[in-house]
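Worksheet: one structure, shown below.
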Amino acid sequence: MCGIFGFKGKGNVRGIIKNGLKTLEYRGYDSCGFFLNNKNFTLFDKKVGKGKIDELVLSLPFKIEEEVIVLSHTRWATHGQISEDNAHPHFDCKKEIVIVHNGTIENYQFLKRDLEKKKHKFISQTDTEVLAHLIEENLKKDKNIFFAVISALKEIEGSFAFLITKKGENLIIGAKKNLPLVIGFDGDNYYFSSDPIPIAKYTNKILFLQDDEIFCLDSKIKFYNFKKNIQIKKEFDEIDLKEYKITKGIFDAYMIKEIYEQPEAIEKTLKYFLDETFERLLKQPMPERIIITGCGTSWHAGLIGEYMIEKIIRIPVEVEYASELRYKSPVVDENTLLIAISQSGETADTLGAIKKLKGKCRIFSICNVEKSSIVRESDFTLLTKAGPEIGVASTKSFTSQILILYLFSLTYLFKKRKIDREKFNDICNEILKITEKISFFLNNNNVEKIAEKLIYKTNALYLGRGINFPIALEGALKLKEVSYIHAEGYPAAEMKHGPIALIDENMPVIFICVKDKLMKKVLINMEEVKTRKGFIISVCDFISEDIKKLSDDIILIPHVSNEYMKPFLTVIPLQLLSYYVANKKGIDVDKPRNLAKSVTVE
Ligand code: F6R
């Protein structure tokens, strides 16, 4: 979704803004723009289209000795088409109030109609522009821009993070609700961003603005709670930004780098869980019922969690899309536990579902971003330690999420005294061994060769059973989002109830067939596809005469006997397959069309 980057200081402004915007590119964008503010001059430019940041920053000075303020932005269109008028920054009628914004102002149409009646002229179709005009209107009575912004905040509904400046004034104001805004200070210059990554290059002094907080920076920085109308004290923390200094290293794209990072992500998540979460989790009460929620890949992790939790600790689980749950009337009480899963911790629907059930049941989150909105809204958090995920497609965060769901189940099993600490430790050691198996597979596989056969296909089916059915869903999602090939995941037996009509020699069918109690059933489903001339790619952890006879291609993954650990291995070839197909088709896998990394609108 939209990215905000701001700067107040001196130096190589072009380089700083270019680095800031480029680092935010991963969030997804379709236009970009900036406004440079100084007492003596201003500069402003916008560009439409992806990949236009290099061109945009050419209008910024290479080096500047006077202090300047720059607001810059990458826009992912929500209100109004992709156009120069709709790109940020936005202005009031006099072009004095300048704003860049991430989020949605839900009552913007109502406010716009009112402002139009007061003769305000709008240039864009965006919700953001309304805020600039609202501040302009408030300035008629408030006189001071800071108070005019606070009055405007009381009128708007929705989620936001924004930066504002006023032409010719040495001033920058920013506020947030539900969406992130981070400030960095290197002793001379200030940096403002939607996440810490673009700031990490310059300083480790970071401050995370909290919901309902606003800052005003002129000669010094002051913080307020705009809801309570009080000034507050906030300090910059020195934080370890090592993990935010991210490069692609030897890889062509973040997606493939992150696929390869999975053994490390699993190890770090396990270590953090044992050191920081396990004892605290043990003290949590045993729920009678669990609802798991999330979106996309996180929802798929939830389906695996359902399988694990029901089988391991025998607590009933329902898995709900967050976008549906937030508008349902779920029956919950103090014995119900909601587990919200999110990599980013900012997904609007997941946050909406949490807010809907807050106070009605206990809320846990499984999240990769410690200071995120979802973590703040939860009663308890199980952090994944996958490290920042830059590629739009979730990969390493998925395997870390399913690891946490497994560890959650084992911890409650231990709490129920069904296993002792020794058994618990043995399983953790087994998990460490899987990381070696994943590494081995990553470095020894035939997936790239098989990917060649899919690049001209227009459809694919992914089939699996039991715990590997959600893996089939995840494989299909990965393929469609990065390679633009239509793909669907189904429980393998369900195929007979409709999708079988699609099968012919042009339909690749990717089967997950591993040694478990459903293996023979999967082989029957493969037979059904083969009879109809389907093109079968089998992902399996064994080779048999049947498998050889039925498969056009076989991807052999390492075998692991523990059924709950199989998904950690079955998902890897599917992630690789999507990456290689997309890469061979010349698609930018890290920024596939229309997608955004953290979906902060409904
Ligand atoms: C798929 C993908 C998305 C996300 C979904 C939820 O590869 O990345 O489907 O999983 O948007 O995002 P988080 O986990 O950040 O809540």
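Just follow the structure's listing: the first ligand is 1, and inside any ligand the first atom is 1. If you're wondering where the values come from, they're calculated on a predicted model, not measured in any experiment.
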Among all protein heavy atoms in this structure, tell me which lies nearest to [atom], with the distance rounded to 0.1 Å.
atom: atom 12 (O) of ligand 1; value: Thr347 OG1, 3.5 Å
atom: atom 11 (O) of ligand 1; value: Val599 CG2, 4.0 Å
atom: atom 7 (O) of ligand 1; value: Glu481 OE2, 2.4 Å
atom: atom 5 (C) of ligand 1; value: Cys295 O, 3.6 Å
atom: atom 3 (C) of ligand 1; value: Thr297 N, 4.1 Å

Does the distance from a Lys or Arg side-chain N to an Asp or Glu carboxylate O, for [X] and [Y], drop under 4.0 Å?
X: Glu324; Y: Lys328; answer: no
X: Lys358; Y: Glu377; answer: yes
X: Arg27; Y: Asp195; answer: yes

side-chain hydrogen bond (donor to acceptor under 3.5 Å, both in side chains) with Lys566: of Asp516, Asn468, Asp541, only one passes, and it is Asp541
By salt bridge (charged side-chain N to carboxylate O under 4.0 Å, His left out), Glu448 pairs with (sequence neighbours left out) Lys584
With sequence neighbours left out, the residues meeting salt bridge (charged side-chain N to carboxylate O under 4.0 Å, His left out) with Arg465 are none
Close N or O approach ([X], ligand 1; < 3.5 Å):
X: Val392; value: yes
X: Gln401; value: no
X: Thr350; value: no

What I want to check is whether the side chains of [X] and [Y] have a donor and an acceptor closer together than 3.5 Å.
X: Ser365; Y: Thr381; result: yes
X: Thr293; Y: Glu320; result: no
X: Thr399; Y: Gln262; result: yes

Short version for Glu346: what comes under 4.0 Å of ligand 1, heavy atoms counted, is neither
Can you list the atoms of ligand 1 that are under 4.0 Å from a heavy atom of [X]?
X: Gln343; result: 13 (P), 14 (O), 15 (O), 16 (O)
X: Ser342; result: 13 (P), 14 (O), 15 (O), 16 (O)
X: Lys478; result: 1 (C), 7 (O)
X: Ala393; result: 7 (O)

Problem - Non-hydrogen atom of Ile374 closer than 4.0 Å to ligand 1 - result: no
Of Ser397, Ser344, Ser298, the one whose closest heavy atom lies nearest atom 15 (O) of ligand 1 is Ser344
Please verify the inter-ring angle class for Phe408 with Phe364; under 30° counts as parallel, over 60° as perpendicular, anything in between as tilted. perpendicular
